[in-house]
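Keep in mind that the numbers below use all heavy atoms, side chains included, and drop hydrogens, waters and symmetry copies. Note that ligands are numbered from 1 as they come in the structure, with each ligand's atoms numbered from 1 the same way. Heads up: numbering here begins at 1 and tracks the sequence.
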Amino acid sequence: MPKLNENYQSLKESYLFSEIASRVNAYTTANPDKKVIRLGIGDVTLPLPNKVISALHEGVDAMASSETFKGYGPERGYDFLRNTISDYYKENGVCVDPDEIFISDGAKSDTGNITELFAVDNTILVPDPVYPVYVDTNMMFGKSITYMAGTVENDFLPMPDKNVHADIIYLCSPNNPTGAVYNKVQLKEWVDYALENDAVILFDSAYEAFISDPELPRSIFAIEGSKKCAVEFCSLSKTAGFTGTRCGYTVVPKDLAFTASNGKEMSLNAMWNRRQSTKFNGTSYIVQKGAAAVFTKEGMEECRKNLAYYQENAKIIADCLAKKGIRFFGGIHSPYIWFECPEVEGSRDSWKFFDYLLNNAQVVGTPGAGFGENGKNFFRLTSFGNKENTIEAMERFDKLF
Ligand code: MLT
């Protein structure tokens, strides 16, 4: 009989968004005549930019002839895409070498898989509320987590506690789920703390494209010293509508190295390369062709138009909450709006609110409890729906409260 990884017993029975999907499926099966509006999982609704579609077609055509056919690709991703991403960083004032960039099938896989590079007995700091992938993937390895509270009082932006030592720190900015964004001074404080503690920051910047204020950092590498203490995960899912197409990238600086117990310096860039080349055969050539088109002038213009559409949805949601006097966060440099649950039957419990909203307005959101203890009385709506549905959802919301 195999001995199982019993750490799985410590996990919640299902992943947050699977749990939501199953509750919604049960509801739609029982109520086939009701129109359900889904503003739960952050899944985009607009089609891919035309420039990306053309590039995907070119990629498919290349596979049809022996002169241009591609088999296994380079392990870190094709040069044409890594060079393009390096240039994109440069345009935003950040220097990232193409050799520091690893192409992947998205930030979810990489933020989950990176845990393999670290031993079990680290002090891991994770904000609460938090994207559940960081927590679940550490629990799968039996790693214990120290939570740092994100609350109304700190604008959901926990800052380092100099009296607490950490080895690994997870940060996400703009934040999923709260929409909060660290400014440069705050991120510098985190970088200084990481350097003092000889710690690593695992920085998720999947929502960077939503930042419209040039003063706000879109990358941890905009902060001095970060190349010695941070890894960054980014994704085209939200920037360019790749949730179904799948492409992301992870930046592991060449300067990032730590001393092992035998005194040997270990480079995280080399370790990640070893991990990826052993366990991952890369994102398909066709998808990488499409991804490179995102960073062209026309591709970016189309992406910006789509982002503006979602930002308008965020405003529709925010305006309704403001009108109702409901306290909310995010929705400006983020596709997520995070608000305090209105009281339902004497309770602000977010799962209760989820069921109430689904049953009475047929609107699906994400209960804050799914993101941690500090989210239990909060709720998240996404602006990634289509505009008509977003308006209708908020009209229904307006009538209900
Ligand atoms: C979310 O809704 O939190 C995101 O879509 C999840 C993800 O990107 O994996």
Side-chain angles (χ1 to χ4, degrees), residues 11-12 14-24 36-46 104-115 126-138 140 150 156 170-181 202-210 232-250 283 287 291 306-307 310 313-314 317 329-331 333-339 350-351 354 357-358 363-372 374-375 378-386 389-390 393:
L11 298 169
K12 289 197 186 113
S14 52
Y15 180 57
L16 171 62
F17 294 106
S18 315
E19 168 68 23
I20 291 172
S22 92
R23 288 194 191 206
V24 175
V36 172
I37 301 179
R38 293 164 202 261
L39 303 180
I41 191 164
D43 196 4
V44 294
T45 48
L46 291 173
S104 72
D105 68 348
K108 182 181 183 179
S109 323
D110 282 9
T111 50
N113 291 330
I114 198 89
T115 53
V126 168
D128 170 359
V130 68
Y131 179 41
V133 170
Y134 316 153
V135 172
D136 288 1
T137 53
N138 276 293
M140 285 171 181
F156 293 100
Y170 284 83
L171 297 177
C172 175
S173 178
N175 186 267
N176 180 13
T178 66
V181 190
L202 303 176
F203 190 80
D204 186 347
S205 66
Y207 300 92
E208 58 87 22
F210 280 84
E232 179 160 288
F233 306 90
C234 203
S235 162
L236 297 185
S237 287
K238 319 292 155 99
T239 304
F242 270 56
T243 50
T245 308
R246 309 303 312 150
C247 191
Y249 49 96
T250 292
T283 306
V287 168
N306 291 353
L307 293 170
Y310 295 133
N313 286 347
I317 298 170
F329 301 81
H333 303 293
S334 158
Y336 297 127
I337 294 95
W338 176 252
F339 62 92
S350 59
W351 274 112
F354 171 90
L357 199 61
L358 177 60
V363 172
V364 181
T366 309
F371 298 105
N374 285 310
F378 285 82
F379 205 73
R380 193 194 79 176
L381 289 176
T382 157
S383 66
F384 286 124
N386 78 41
N389 280 347
T390 306

Taking atom 9 (O) of ligand 1 as the reference point, the nearest protein heavy atom with its distance: Y131 OH, 2.6 Å
Protein heavy atom at shortest distance from atom 8 (O) of ligand 1: K238 NZ, 3.0 Å
Sub-4.0 Å heavy-atom contact, D43 with ligand 1: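 False for this residue.
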Numbered atoms of ligand 1 (with element) below 4.0 Å of [X], judged on heavy atoms:
{"X": "Y336", "answer": "1 (C), 2 (O), 3 (O), 4 (C), 5 (O)"}
{"X": "F17", "answer": "1 (C), 2 (O), 3 (O)"}
{"X": "G42", "answer": "1 (C), 2 (O), 5 (O)"}

OH-CD distance between Y249 and E232, expressed to the nearest 0.5 angstrom: 7.5 Å
Heavy-atom pair with the smallest gap, counting every atom of I37 and N389: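 That would be CD1-O, 3.5 Å.
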Which atom of Y336 lies closest to which atom of P177, heavy atoms considered: CB-O, 3.6 Å
Proximity to ligand 1 by part of I41, non-hydrogen separation under 4.0 Å: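 Contact part for I41 vs ligand 1: both backbone and side chain.
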Backbone of A206 reached by a side-chain donor or acceptor of S235 within 3.5 Å: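 Not confirmed, S235 side chain does not pair with A206 backbone.
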Side chains of V287 and F242 in contact at under 4.5 Å (non-hydrogen atoms): yes
Check: R380 N/O within less than 3.5 Å of ligand 1 N/O: yes
Polar proximity ligand 1 side, N176 side, N/O cut 3.5 Å exclusive: yes
D43 versus T243, side-chain donor and acceptor atoms under 3.5 Å: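 D43 and T243 do have a side-chain donor-acceptor pair below 3.5 Å.
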Distance-only side-chain donor-acceptor flag, T111 / D204, under 3.5 Å: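 No pair is found: no donor N or O on one side chain lies under 3.5 Å from an acceptor on the other.
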